[in-house]
Amino acid sequence: MKKVIIFGLLLATGMISLDSLATNVVAGSLVDSLRTPETQHLLTNLKKIAAQGFMFGHHDDPVYGIGWEGDEGRSDVKSVCGDYPAVMSFDLGRIELGGDKNLDKVSFEKIRQEIVAQYNRGGMSSLSWHVDNPLTGKDSWDVSDTTVVASILPGGTNHGKFLGWLDAVADFMNSIETENGVKVPVLFRPWHEHTGSWFWWGAKLCTPSQYKALWKMTYNRMQEKGVNNLLYAYSPGTDPQNDAEYLERYPGDDIIDLLGFDCYQFDKQKYMDELDRSLTILTEVGKIHDKPIAVTETGFETIPDATWWTETLFPVISRYPICYVLVWRNAREKPNHYYAPYPGQVSAFDFVKFYEKPQTLFVKDVIHLYD
Ligand code: BMA
């Protein structure tokens with residue numbers, strides 16, 4: 001009842017609009033699921049952007065790079081082409097433990113600041129969550145026990161503990177605000193690469209209905225905690241061979257806002273074929289379900305191919321209506337673990353050619369994501 005009154009007040013005072021409202025049934029009761037106007041606009045604009053081109057993204061871009069860490073305003077991508085990526089992603093792994101830093105030793109305070117800075121530039125941020133294994137206490141990659149997902153779902157022995165972990169995520173999401181008190185929209189991308197079996201939520205470690213229940217529990221908890229600045233991304237690997245396989249563990253249109261997949265190059269031909277097949281599937285499913293589509297993680301570690309950007313990546317992805325493509329991090333602590341060029345890197349010149357193409361959008365090219 002209270003919710004209905006508050007909802008009525010918000011509508012009457014114009015603080016929310018009907019099109020920013022989605023309703024959802026949680027455990028038999030009607031829960032109002034609101035998106036802030038900026039978050040709703042982001043979704044609308046992600047659907048439109050493909051007509052113009054696709055945004056380029058990079059994980060942990062402004063935090064560290066090859067040979068540096070924490071330099072104000074620095075970015076390997078910007079050092080090469082003069083502009084920041086339009087999309088930046090960061091990871092919340094270990095926020096559930098209550099510490100200050102994530103699994104890659106980046107402070108959550110820094111992540112919050114960089115998400116706000118990226119919003120102020122007009123760009124977008126995404127958050128993944130390499131969450132520790134709540135049953136064994138080891139990391140995301142601990143697949144030694146196949147009962148982890150079951151143990152955190154309602155009725156499971158770790159359910160209460162896991163709700164606390166979700167609350168830590170919700171508190172962080174709610175805390176990402178500009179100086180003027182605007183909650184910054186973020187694309188949340190938990191439970192990724194679930195069609196493989198290297199994370200404790202992977203295909204061989206839970207059933208499709210348990211995986212969907214995991215998403216539902218995550219989404220519902222965010223709603224219950226008043227998180228209204230998120231869009232949600234679904235991103236399997238390249239295992240699905242057709243639309244039905246892609247959707248086998250899909251939690252539903254009421255939860256998911258963006259469809260993606262993660263795909264890395266090891267063999268060039270295999271990579272191009274996988275990108276092609278997955279993008280064909282995504283284009284169809286995106287159209288049917290009215291969702292924007294993206295290559296949520298990709299790359300060729302150390303980019304040893306001098307023309308990789310314009311001769312491998314671009315020719316495939318530019319044929320599909322994606323809103324963004326994102327490459328993984330330039331680790332400062334792990335030799336030969338980088339996916340974006342830095343000055344002098346063998347593919348840096350070709351990256352500038354990629355940057356100069358009218359279809360590739362960097363932060364200065366992206367003007368209206370939030371209005
Ligand atoms: C992986 C690697 C790891 C890292 C993890 C989470 O792909 O980059 O070194 O800890 O992502 O960012």
Side-chain angles (χ1 to χ4, degrees), residues 54-95 100-130 186-187 189 262-265 294-310 312-314 324-356 360-366:
F54 56 85
M55 299 188 285
F56 178 76
H58 184 212
H59 188 72
D60 277 352
D61 182 82
V63 181
Y64 55 78
I66 303 304
W68 64 275
E69 173 155 24
D71 304 9
E72 203 48 44
R74 192 160 170 185
S75 143
D76 281 347
V77 167
K78 182 161 78 83
S79 298
V80 168
C81 71
D83 199 4
Y84 289 106
V87 180
M88 292 184 180
S89 71
F90 305 95
D91 196 274
L92 290 183
R94 306 256 158 93
I95 200 163
D100 301 339
K101 289 183 175 166
N102 78 0
L103 77 168
D104 295 320
K105 300 196 172 58
V106 181
S107 86
F108 295 114
E109 184 50 42
K110 175 79 173 160
I111 293 176
R112 186 187 294 112
Q113 286 166 9
E114 292 298 344
I115 292 174
V116 173
Q118 178 68 351
Y119 175 79
N120 287 336
R121 292 178 194 115
M124 167 180 143
S125 294
S126 173
L127 283 165
S128 49
W129 189 23
H130 284 87
V186 168
L187 178 68
R189 195 173 66 88
D262 293 1
C263 177
Y264 285 90
Q265 175 166 337
V295 183
T296 41
E297 267 186 50
T298 196
F300 185 13
E301 196 175 43
T302 76
I303 334 151
D305 174 349
T307 55
W308 188 74
W309 303 97
T310 61
T312 298
L313 185 65
F314 186 83
Y324 78 87
V325 60
L326 181 137
V327 298
W328 205 239
R329 66 197 191 104
N330 281 10
R332 75 304 204 191
E333 83 292 3
K334 214 175 174 183
N336 298 325
H337 187 56
Y338 59 86
Y339 296 86
Y342 53 89
Q345 199 275 332
V346 68
S347 75
F349 181 71
D350 190 59
F351 187 79
V352 175
K353 284 168 74 181
F354 173 82
Y355 161 78
E356 283 167 350
T360 58
L361 308 174
F362 287 69
V363 86
K364 287 182 198 152
D365 305 316
V366 178

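Here the closest non-hydrogen pair linking D91 and L103 is OD1-CD2, 3.3 Å. The two residues R332 and G65 come nearest to each other via the heavy atoms CB-O, 3.3 Å. Here the closest non-hydrogen pair linking H59 and S89 is ND1-OG, 2.6 Å. Taking each heavy atom of R329 and Y64 in turn, the nearest pair found is NH1-OH, 2.8 Å.
F300 is not listed as a side-chain neighbour of T312, based on a closest heavy-atom distance of 4.5 Å or more. For the pair Y338 and T302, the minimum side-chain heavy-atom distance is below 4.5 Å. In this structure, D61 and E114 have side chains that are not in contact, with every pair of non-hydrogen atoms separated by 4.5 Å or more. Contact check for S75 versus P85: side-chain heavy atoms found under the 4.5 Å cut-off. Using a 4.5 Å cut-off on side-chain heavy atoms (C-beta onward), F56 and V325 make contact. Counting heavy atoms from C-beta outward, N102 and F108 have side chains that approach closer than 4.5 Å. In this structure, the side chains of K105 and E333 stay at 4.5 Å or more apart for every pair of heavy atoms. At a threshold of 4.5 Å between non-hydrogen side-chain atoms, the residues H130 and D104 do not count as touching.
Note that the CG atom of D262 and the CG atom of L326 stand 9.0 Å from one another [nearest 0.5 Å]. Rounding to the nearest 0.5 angstrom, the gap separating the CD atom in E301 from the NE2 atom in H337 is 6.0 Å. Interatomic distance, NZ of K334 versus CG of N336, reported as 11.0 Å (0.5 Å rounding). Rounding to the nearest 0.5 Å places OG of S79 at 9.0 Å from CG of D71. A distance of 4.5 Å separates CZ in R121 from OH in Y84, rounded to the nearest 0.5 Å. Distance CG/L127 to CD1/I95: 8.5 Å, rounded to 0.5 Å.
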Starting from the C-alpha separation in whole Å, work towards a yes-or-no answer on side-chain contact (heavy atoms from CB on, under 4.5 Å) for V363 and K78.
CA-CA 10 Å; V363 86; K78 182 161 78 83; over 6 Å; no
Check against side-chain contact (heavy atoms from CB on, under 4.5 Å), Y324 and V295
CA-CA 6 Å; Y324 78 87; V295 183; over 6 Å; no
Give the C-alpha distance, both sets of side-chain angles, the deciding distance and a yes or no for side-chain contact (heavy atoms from CB on, under 4.5 Å) between Y119 and V186.
CA-CA 9 Å; Y119 175 79; V186 168; over 6 Å; no
Take V327 and V77 through the side-chain contact (heavy atoms from CB on, under 4.5 Å) test and state the conclusion after the steps.
CA-CA 11 Å; V327 298; V77 167; over 6 Å; no
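Residues passing the ring pair (Phe, Tyr, Trp, His ring centres under 6.0 Å) test with Y355, sequence neighbours excluded: F362. Scored by the side-chain contact (heavy atoms from CB on, under 4.5 Å) test, P341 finds V80, I303, W309, Q345, S347, A348, F351 as partners (sequence neighbours excluded). The ring pair (Phe, Tyr, Trp, His ring centres under 6.0 Å) search around F349 returns none, not counting sequence neighbours.
Ring geometry for F54 versus F314: interplanar angle of 30 to 60°, hence tilted.
Taking a 6.0 Å sphere around CG of D100, one finds it holds 12 or fewer heavy atoms contributed by other residues, nucleotides or ligands. Atom NZ of K110 is surrounded by more than 12 heavy atoms from other residues, nucleotides or ligands within 6.0 Å.
E297 pairs with exactly one of Y339, W328, Y264 by the side chain to side chain donor-acceptor pair (under 3.5 Å) rule, that one being Y264.
Side-chain atoms of D350 and T310 form a donor-acceptor pair, as typed in the model, at a separation below 3.5 Å.
A salt bridge links E109 with R112; the closest basic N to acidic carboxylate O contact falls under 4.0 Å.
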